[in-house]
Amino acid sequence: MLLSKLVGERTKEAPQDAKILSHILLARAGYIKQVSGGIYTMTMPCQKMSGKIQNIIREEMDRLDGQEVLFPVVMPRELWETSGRYNSIGNEMVRFKDRTNHDMLLGMTHEEAAVHLVNHTVSTYTQLPLMIYQLQTKFRDEARSRGGLIRVREFTMKDAYSFHNTLEDMQDYYAKMYHAYYRIFNRIGLKRFIDIKSDSGMMGGSVAHEYMLLTPVGEDSIVFCNHCDYRANMEVAESVKEKVNFTGEPLQEVFTGDAKTIDDLCKLLNITAKQTAKAVVYAVKGDADKLVVAFVRGDLEVNEAKLKKAVQQDIAVYEGGTSDLITCGNIGLKGLNDKITVVVDNSLQGMRGMVVGANKPEYHLKGFDFDRDLSNQQFCDIAKVCAGDKCPVCGGELRIENGIEIGNIFQLGTKYTKAMNMTIHDINGNLFNPIMGCYGIGVGRAIASIAQESNDERGLVLPMTVAPWQAHICALRLDDENVATKTTQLYNTLCEGGVDTLLDDRNIGAGVKFADADLMGMPIRIVVSPKSLADDEIEITLRATKESYRVPFANALVEVKKIIAAEMEKLNNNADIMPVITPQD
RNA sequence: CGAGGUGUAGCGCAGCAUGGUAGCGCGUAUGGUUCGGGACCAUAAGGUCGCAAGUUCGAAUCUUGUCACCUCGACCA
């Protein structure tokens, strides 16, 4: 490819919209162009990179006997009604009518299509297990896209679906897929990534893992133990909270005036937040009358994902403000009406001498003893983990890092096969619902992740396996006839020799060429100039290490192929190794 | 959906308080001198000032509405 013809200009300055590094670099290097919020055009280099990542994913899926298929983007309402998701999914799924006024939708995931396919083509257990996958554009009308390619509305995704006769077989396959994901992320050159147990959420099923790239710009919080290998998404993370023992005392009302916040209370009564219980009010979605009040220790926060699980209902922070409960302000544990579900966190179990709301304006209760004053109360874990808490496994100290989700795998079980009434014959001729697993990777997010992680002050530093071009020729002084001739010769030799090559054929200053080459991030830079050609040599510089040396012009192809082979081997041969993640800073 | 911010040339910005018909840098085009780390000189092209309505003799500037984008939050299959 000739750089002079390449669409997508390089800029010194980042577009106003770009705030995070991966977005800034991809935009400045001319890889992406925003069209609308969360909607981007990928230029040739980005598309080539995407293609290389997709091919690595294909290779790994094919190693697990995956069959590549292509499901439709547009599906009819009826198919999604069979799983119940036509109604359960919100506005992020685009719905529209076709010309005959038929309800249609854009597929944001393809469990229904996968079950539809297998249900209509497989009828006996002897055909299982099998896995089908696709690489396809997905559109999700995200409420808030952000961070360039990190969170977008339209993106290419690999989604895979496996079908099994038994739970054990699915679990075995899941383990293989778990491993394949490590291979994929290692091969595309990611470094600080890790798998964590996750909340299976509305996907159903019991076991799920997310793969996270650890980076401060990530939108997920990940809890790690500094001593053992415990790690989990904040949504499901558990911890042991240090208990502070306060002296028990008789229960009594205290006048607290308009002190409503934990802070106010602490100042007024001269106590710490740990000695209070705070109430957070939630409304059950779809039933405005039903309230859930969660109590946690004053210094802690409610983990809504855990709370949802505890009450088995979908909830949202209550914003009504009209109920007596709210206007009163000082919400306590005693004297709440039956419509209210009370959930109390483990952190309050056994606590004595606490201060809680009195359910009475301007008053709180002092000396609250959870064992004595709250009979028959169930306690459960609904508090967020804090850095410094104790590990639930080994008691070591926990830390929290942010991460970008780059892939996920789910053990779906029979959620979809049951809902969609998919049955096949077992060995005894009986019908059963096959067991499913599903597995996703966002390709665009992988590109953003690589950009976020692989760069220096000059620009992108792309891994050999995914770089759009392997070599980037900077021809200096193209007005020099010898340079022009030799450059063309070199470019042809490399291309014919199977090297993916970008040629900067513009007759401009060296500084601009070097700056563009550094920004675009190809692993090998080759300089052709009068200086080195005088010795019949070219100059090779490795982007990652800045290592630079000359080789005879005639050896260029051999040398470049040697570097490529070594780099490819480095990334591919270590694909099985889990990266060792050490705390950053 | 809630809070805040920004919309002026391809990109980054100034101008707006106190209204008088738009400017800078980068990039682009042409010519010349340079040219191994974002060169210099000269000339030139390029703008419905997000959109709409209003106030006014006159609006990028004031008022109202609206749209888009960004950040934080809610949400995230």
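Throughout, protein chains are lettered first and strands after them, A, B, ... in sequence-line order, and every chain is numbered starting at 1.
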#### Entry: Touch class at under 4.0 angstrom, heavy-atom based, for Gly147(A) against every strand present
sugar-phosphate
### Task
Please measure how far the P atom in C41(B) lies from the corresponding atom in G4(B), and state the result in whole Å.
47 Å
### Query
Taking atom P of U71(B) as reference, at what distance in whole Å does atom CG of Leu21(A) sit?
14 Å
### Task
Starting at atom CG of Asn507(A), determine the distance to atom P of G32(B), rounded to an integer number of angstrom.
13 Å
### Query
Tyr40(A) and His23(A): aromatic ring centres closer than 6.0 Å?
yes
### Query
When you match Glu539(A) and Ile20(A) each to their closest nucleotide on RNA chain B, which lands nearer the 5' end?
Glu539(A)
#### Entry: Sugar-phosphate, base or nothing in reach of Ser532(A), heavy atoms under 4.0 Å
base
### Query
With rounding to whole Å, what would you report as the distance between C40(B) and G25(B) at their P atoms?
12 Å
### Task
For U30(B) versus U71(B), give the span between their C1' atoms, rounded off to a whole number of Å.
43 Å
### Task
For Lys19(A), answer base if it contacts any base atom (sugar-phosphate contacts may also be present), sugar-phosphate if it contacts only those atoms, and nothing otherwise; contact means non-hydrogen atoms under 4.0 Å.
sugar-phosphate
### Message
One pair to check against ring-ring contact (aromatic ring centres under 6.0 Å, His included): His110(A) and Tyr161(A). What are the steps and the verdict?
### Response
CA-CA 9 Å; His110(A) 283 77; Tyr161(A) 307 89; 7.4 Å; no
### Query
Expressed in angstrom and rounded to an integer, what is the separation of Asp17(A) atom CG from C69(B) atom P?
9 Å
### Task
Could you give the distance separating A60(B) and C35(B) at their C1' atoms, to the nearest angstrom?
42 Å
### Task
Kindly state whether the ring of Tyr174(A) and the ring of His209(A) have centres lying under 6.0 angstrom apart.
yes
### Task
Using a 4.0 Å heavy-atom cut-off across all strands, classify Glu304(A) as base, sugar-phosphate, or nothing.
sugar-phosphate
### Query
If we take the C1' atom in both C70(B) and G12(B), what is their distance in whole Å?
16 Å
### Message
Rounded to whole Å, how long is the line connecting atom CD of Gln34(A) with atom C1' of G7(B)?
### Response
13 Å
### Query
Ignoring hydrogens and angles, does a donor from either the side chain of Arg10(A) or the base of G10(B) sit under 3.5 Å from an acceptor on the other?
no
### Query
Base, sugar-phosphate, or nothing: which does Arg140(A) touch, judged by heavy atoms less than 4.0 Å apart?
sugar-phosphate
### Query
With both distances under 3.5 Å as the test, what is the Watson-Crick or G-U wobble partner of G31(B)?
C41(B)
### Task
Find the distance Arg550(A):CZ to G36(B):C1' and express it as a whole number of Å.
11 Å
### Message
Check this one for me: any side-chain N or O of Arg146(A) less than 4.0 Å away from OP1 or OP2 of C72(B)?
### Response
yes
### Task
Starting from C1' on A68(B), measure out to CD1 on Ile39(A) and report it in whole angstrom.
12 Å
### Query
Do the numbers put Lys158(A) on top of the ring of Tyr133(A), so that NZ or CZ is under 6.0 Å from the six-membered ring centre and no more than 45° off the axis?
no
### Query
Using the P atom in both, what is the distance from G10(B) to U66(B), to the nearest Å?
28 Å
### Task
Please state the C1' separation for the pair U18(B) and G65(B) - nearest whole angstrom.
26 Å
### Query
Taking CZ from Phe514(A) and P from C35(B), how many angstroms apart are they, rounded to a whole number?
15 Å
### Task
Determine the interplanar angle of the Tyr178(A) and Tyr211(A) rings, folded into 0 to 90°, and report it as parallel if under 30°, tilted if 30 to 60°, perpendicular if over 60°.
tilted
### Task
With C1' as the reference atom in both, quote the distance from G47(B) to G7(B) in angstrom, rounded to an integer.
14 Å
### Task
Please confirm whether any donor atom in the side chain of Arg506(A) sits under 3.5 Å from an acceptor in the base of G38(B), or the reverse.
no
### Task
Spell out yes or no: do the side chain of Asp479(A) and the base of C35(B) have one donor N/O and one acceptor N/O closer than 3.5 Å?
yes
### Query
Does Arg525(A) count as lying over the ring of Phe514(A), i.e. NZ or CZ under 6.0 Å from the six-ring centre, within 45 degrees of the axis?
yes
### Message
Using a heavy-atom cut-off of 4.0 Å across all strands, would you classify Ala18(A) as base, sugar-phosphate, or nothing?
### Response
nothing
### Task
Would you tell me if any nitrogen or oxygen in the side chain of Gln16(A) comes within less than 4.0 Å of OP1 or OP2 on C13(B)?
yes
### Task
Look at Ser36(A) and C69(B) and indicate whether a side-chain polar atom (N or O) is within less than 4.0 Å of OP1 or OP2.
yes
### Summary
Of all heavy-atom pairs linking Phe185(A) and Ile406(A), the shortest is CZ-O, 3.6 Å
